[in-house]
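Report on the following structure.
The model shown is predicted, which means the values in this text are computed figures rather than measured ones. Every number for a ligand or one of its atoms is a count from 1 in the order of the listing.
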Amino acid sequence: MNKSENETTVFSPKSPGDILIIAGPCSAENEQQVLSTAEELTKCKKVKIFRAGIWKPRTEPGNFEGVGEKGIDWLRKVKQKTELLTATETATPEHIEICLKNRDAVDIIWIGARTTSNPFSIQSIADALKGCDIPVMIKNPLNPDLKLWAGAVERLLKSGIKNIAVIHRGFYPFQKTNLRNVPKWELAIEMKSRYPEIPIINDPSHIAGSTEYIREIAQKALNLNFDGLMIETHISPEMALSDAKQQITPQALISLLKGLKIRTSSSGNAEFLSKLEQYREQIDSLDFQLLELLHKRMKIVEDIGEYKAKNNVSIFQLKRWLDITITRKEFGKQIDLDPKFTERLLQLVHRESIRLQSEIMNKNKTK
Ligand code: PEP
Ligand code: MN
C-alpha cells in the first residue's frame, strides 16, 4: 500500500494493519484546553499524532488568528505528558524557523490549503526547510488543481524533505453543497497514483464542515484505501474559537473510530485472491476488446473523414451528433448504464473523431 508497510516512518499507524490517526483541536487556544484534549486523546489507543494550529490562516481578518509562539510551550508539555507526536501548521519561513528551533515541542509540521495554493509561499517554505529532516504534511490547495498540490510536493522533495505525507481536505465548492468543501475523490486518487510512496491522509473535518458528515466521509476514505485520517477533536467543541461546528470530543472520536471498517488493499485469504484474479482477468479481456472496438471505430471515422474531404462536406453535422447521443443514451439506459456516463464517454469519443477528421481535412487542404 505505502512504504509504511515495509518501512516504519513517522506516518506509519500505531499498530501494523491499522491506519494513521491524527487528532486534536483546530487551534491551540489555551494551555488547559490543549493539555486536557491531549490527555483525553491518549484514551484512544489509535491516535498517534496530536494536531493543534498555533498560527491560524483565517479567510477574514478579525477572527481568532491563533496564539502564536506561546503555543509551542503547550505542545512541548503534550510531548512531556503523553506519548503523542505533535504537529502544527506553518505558513511562513518565520513559522518554520520557530518550529525548527523547538524540535522538542514540534515533531511534524503541516502546510495548509491556503498556502499550498500559492507557489511563492511554498517555495519560501521549501527554502526555509532546505537540509532539514522534519516531516511535512501537505494539504491540497483550495482549488481543484492537481498541479499545484503536486508542485508543492516537488518543491519540498527538491529541498531534501524525505518524510512527506499529503492531506486531502477537499476543494472550494463553487456550487452550494451540504459539505464545507467538495471531496473530488478522483483528485486524491490521482495524487496517490502519482506518488504511491507518499501516504495520503483524509481530513473529513474540513470536508464536512459539520460533525454530521464526518463518519461517512472517513469511511469512504477507508474504502478507497487512504493511509490515515486527521480529525479535529476538542475537549469542548461548542466553546472552540475556530471551526466549532466540525470538531468532536475525544470520546466521540473513540466511538467513531470503533464504527469504521478498515479495508486492506489485499487479503491473504487464498479463496478471495483466486476469485479476485478471475474477476481481474475478465476486466483485462473486456478492456482489450473495448480498445480494439474503439480502434475499429476510429478507422471508419477516418474513412468518413476522407470521404467528407473529397466531397467538401463539413466535419461536424449537428443532426447526426444529436441522433448519436439520443440513441446511445437510450440504449445505455436499457442496459443499466448511467446516462451521464454514456454521455461523457460519447463526448470523449466524438472529440477524438473530430480531431482525426480535422487532421485529414487539413492534409487534404495542403495537397
Ligand atoms: C486546519 O487544519 O485547521 C486548517 C486551517 O485547514 P485547511 O488548511 O485545510 O483549511
Ligand atoms: Mn480547522
**Study point:** F288/H295 aromatic ring centres below 6.0 Å
**Key:** no

Check your understanding: Based purely on interatomic distance, does R114 place a nitrogen or oxygen under 3.5 Å from a nitrogen or oxygen of ligand 1?
Key -> yes

Review point. Can D18 and K45 be said to form a salt bridge (charged side-chain N to carboxylate O under 4.0 Å, His left out), step by step?
Key: CA-CA 11 Å; D18 214 328; K45 297 290 170 248; over 6 Å; no

Check your understanding: Which atoms of ligand 1 are found less than 4.0 Å from any heavy atom of K56?
Key -> 1 (C), 3 (O), 5 (C)

Exercise for review: Any chance you could lay out the salt bridge (charged side-chain N to carboxylate O under 4.0 Å, His left out) test for E89 and R51, step after step, and finish with the verdict?
Suggested key: CA-CA 9 Å; E89 174 170 351; R51 62 147 285 155; over 6 Å; no

Study note, to complete from the structure: Looking only at non-hydrogen atoms, the one of H206, R180, R51 nearest atom 4 (C) of ligand 1 is H206

**Study point:** Close-contact set for ligand 1 against E89 heavy atoms, below 4.0 Å
**Key:** 4 (C), 5 (C)

Review point. How close does the nearest protein non-hydrogen atom get to atom 9 (O) of ligand 1, and which residue and atom is it?
Key: R169 NE, 2.6 Å

Check your understanding: Are I262 and L229 connected in the hydrophobic side-chain network, where two residues link if heavy atoms are under 4.5 Å apart?
Key -> yes

Practice item. Please name the atom of E232, restricted to N, O or S, that is closest to the Mn ion (ligand 2). Key: OE2

Check your understanding: Relative to each other, are the rings of H168 and F171 parallel, tilted or perpendicular (30° and 60° limits)?
Key -> tilted

Revision key, fill the gap. In ligand 1, the atoms that come under 4.0 Å of a heavy atom of G112 are 8 (O)

Exercise for review: Please report which non-hydrogen protein atom sits nearest to atom 8 (O) of ligand 1, along with the residue it belongs to and the distance in Å to one decimal place.
Suggested key: A113 N, 2.8 Å

Study note, to complete from the structure: The residue among R194, K192, E186 that forms side-chain contact (heavy atoms from CB on, under 4.5 Å) with E190 is R194

Review point. Under 3.5 Å between some N or O of ligand 1 and some N or O of M230?
Key: no

Exercise for review: State plainly whether one hydrophobic cluster holds both L318 and I315, where clusters connect Ile, Leu, Val, Met, Phe, Trp and Tyr through side-chain heavy atoms under 4.5 angstrom apart.
Suggested key: yes

Exercise for review: Could you list which atoms of ligand 1 come closer than 4.0 Å to a heavy atom of C26?
Suggested key: 3 (O)

Point to revise | Best match, R58, K139, E232: closest heavy atom to atom 7 (P) of ligand 1 | key: K139

Practice item. Determine, stepwise, if the pair E359 / R355 fulfils salt bridge (charged side-chain N to carboxylate O under 4.0 Å, His left out). Key: CA-CA 6 Å; E359 251 176 30; R355 190 190 68 79; 3.0 Å; yes

Review point. Rounded to 10°, how big is the angle at the Mn ion (ligand 2) from D243 OD2 to C26 SG?
Key: 100°

